[in-house]
Amino acid sequence: MEMQQEANQQQGSEVSPNQTIYINNLNEKVKLDVLKKSLNDVFSHFGKILEVKAFKTLKHKGQAWVVFEEAESASTAIAKMNDFPFYDKRMRIQYAKTKSDVVAKADGTFVPREKRKRHEEKAGGKKKKDQHHDSTQMGMANSAYPSVYGTAPPLSQVPYPAGVKPILPEAPAPPNNILFVQNLPHETTPMMIQMFFSQYQGFKEIRMVEAKPGIAFVEYADEMQSTVAMQGLQGFKIEQDPMLITYAKK
DNA sequence: AGCACA
């Protein structure tokens with residue numbers, strides 16, 4: 001039988017081992033700084049980390065890249081931490097598809113990419129990186145930890161490294177003189193908001209994003225004043241929904 | 001769901 005050709009297309013997601021892991025299914029509510037730090041805390045136990053990258057753009061939220069100094073660390077991290085509950089979600093971990101810039105720079109193979117803003121045609125732009133797709137034969141031995149520990153191990157007893165138990169999605173934002181107000185009725189106007197917030201010392205201005213109803217930014221002269229206002233108005237119901245006030249991201 | 005290097 002000539003079905004061997006099908007072997008070429010193994011079940012997708014087989015990427016050759018490399019020193020960068022790609023993580024997705026991350027909790028998108030976690031602030032970027034917090035997320036990166038937590039990832040660093042978790043994964044630094046598998047080896048030296050060169051860099052942790054995460055972005056909040058639409059296309060890349062909920063994902064992160066952790067670059068290890070050694071590919072072996074990445075392998076261990078995948079084996080041990082895939083499906084690990086992290087901020088109430090199980091992280092999915094794979095090898096990254098492409099080499100990280102930090103690595104390429106150390107390699108000497110780094111070639112700066114241009115941000116294709118223009119439709120400028122460039123000569124000789126064949127970036128077919130011939131990656132010999134040799135499939136390593138260690139596919140389905142014991143990939144994710146559930147297979148290692150039998151089925152469905154008690155999450156609380158998984159021997160993960162650091163004290164990285166599922167953390168609260170709501171990480172405390174650092175104080176800011178600007179407040180971020182959510183859960184407002186969509187018909188709320190800046191005027192209405194102002195009535196509430198302007199009664200607190202140091203009030204400066206309201207900013208609302210037209211494209212995004214239901215939220216507002218309220219600026220005070222300093223953090224003390226914004227904090228007082230936040231505490232005074234936290235949970236205040238404009239119509240029926242309590243407004244949620246946090247410090248704005250810096 | 002989604003593989004970047006701001």
Side-chain angles (χ1 to χ4, degrees), chain A residues 8-44 46-120 122 125-136 139 143-144 169 171 173-174 176 180 209 211-212 248-250:
Chain A
N8 278 341
Q9 308 178 330
Q10 290 179 339
Q11 277 218 334
S13 64
E14 290 274 339
V15 185
S16 31
N18 79 75
Q19 64 193 274
T20 302
I21 54 174
Y22 167 74
I23 309 167
N24 67 0
N25 200 42
L26 290 168
N27 190 326
E28 299 177 10
K29 285 177 288 194
V30 180
K31 292 203 173 53
L32 227 53
D33 294 350
V34 178
L35 180 75
K36 291 205 278 190
K37 178 162 193 314
S38 299
L39 288 172
N40 188 83
D41 289 345
V42 174
F43 287 106
S44 58
F46 299 99
K48 175 118 191 280
I49 291 177
L50 298 182
E51 194 171 38
V52 176
K53 291 244 171 223
F55 313 85
K56 57 167 175 249
T57 54
L58 206 53
K59 193 176 178 202
H60 300 292
K61 53 166 59 168
Q63 300 154 77
W65 287 259
V66 176
V67 189
F68 288 100
E69 192 171 72
E70 305 287 342
E72 191 186 337
S73 306
S75 302
T76 312
I78 293 175
K80 292 273 167 66
M81 299 299 284
N82 188 34
D83 288 331
F84 179 74
F86 188 68
Y87 292 99
D88 286 332
K89 301 195 68 176
R90 287 170 174 272
M91 41 175 142
R92 301 283 134 78
I93 317 176
Q94 310 158 48
Y95 293 108
K97 279 182 184 166
T98 60
K99 186 186 287 184
S100 297
D101 281 1
V102 261
V103 176
K105 279 170 181 162
D107 258 354
T109 61
F110 178 69
V111 40
R113 70 187 65 75
E114 72 283 357
K115 293 194 160 182
R116 56 194 306 269
K117 282 181 179 175
R118 307 181 172 186
H119 57 72
E120 199 171 345
K122 49 176 189 285
K126 295 290 172 122
K127 45 188 171 184
K128 262 271 189 68
K129 261 206 171 168
D130 236 322
Q131 294 181 344
H132 39 284
H133 25 266
D134 49 336
S135 49
T136 46
S143 49
N176 192 335
F180 179 50
V209 183
K212 284 200 162 191
K249 284 185 293 190
K250 303 225 173 183

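Computed over heavy atoms, backbone and side chain alike; hydrogens, waters and symmetry mates excluded.
Contact annotation for A:A64: no contact, since no heavy-atom pair falls under 4.0 Å across all strands.
What separates NZ of A:K61 from C1' of B:dA6 is a distance of 16 Å, to the nearest Å. Rounded to whole Å, atom P of B:dA1 lies 18 Å from atom CD1 of A:I93. Look at CZ on A:F55: it is 18 Å from P on B:dG2, rounded to the nearest Å. The NE2 atom of A:H60 sits 10 Å away from the C1' atom of B:dA6 (whole-angstrom rounding). What separates NZ of A:K97 from C1' of B:dA4 is a distance of 12 Å, to the nearest Å. Here the P atom of nucleotide B:dC5 and the CG atom of A:D107 are 19 Å apart, to the nearest Å. Nucleotide B:dA1 holds its C1' atom 15 Å from the CG atom of A:N27, rounded to whole Å. At whole-Å resolution of the value, CD1 in A:I23 and C1' in B:dA4 are 13 Å apart.
Between A:K89 and A:K56, the residue anchored closer to the 5' end of DNA chain B is A:K89, taking for each the nucleotide with the nearest heavy atom. Each of A:L32 and A:N24 has a nearest nucleotide on DNA chain B; the 5'-most of these lies closest to A:N24.
Exactly one residue among A:K89, A:R92, A:R90 makes a salt bridge (Lys or Arg N to Asp or Glu O under 4.0 Å) with A:D83. That residue is A:R92.
Using a cutoff of 4.0 Å between basic side-chain nitrogens and carboxylate oxygens, A:R113 and A:D101 are scored as salt-bridged. Electrostatic pairing of A:D107 and A:K99 counts as a salt bridge here, judged by a charged N lying under 4.0 Å from a carboxylate O. Residues A:D33 and A:K37 are not paired through a salt bridge, judged by the lack of any N-O separation under 4.0 Å between the basic side chain and the carboxylate.
When distances are taken from the side chain of A:K36 to each of B:dA6, B:dG2, B:dA4, the shortest belongs to B:dA6.
In this model, no side-chain donor or acceptor of A:T57 finds a partner on the base of B:dA4 within 3.5 Å.
Below 30°, between 30° and 60°, or above 60°: for A:W65 and A:F55 the angle between ring planes is above 60°, a perpendicular geometry.
Stacking is found between A:W65 and the pyrimidine-like six-membered ring of the B:dA4 base under the 5.5 Å centre-distance and 30° plane-angle cut-offs.
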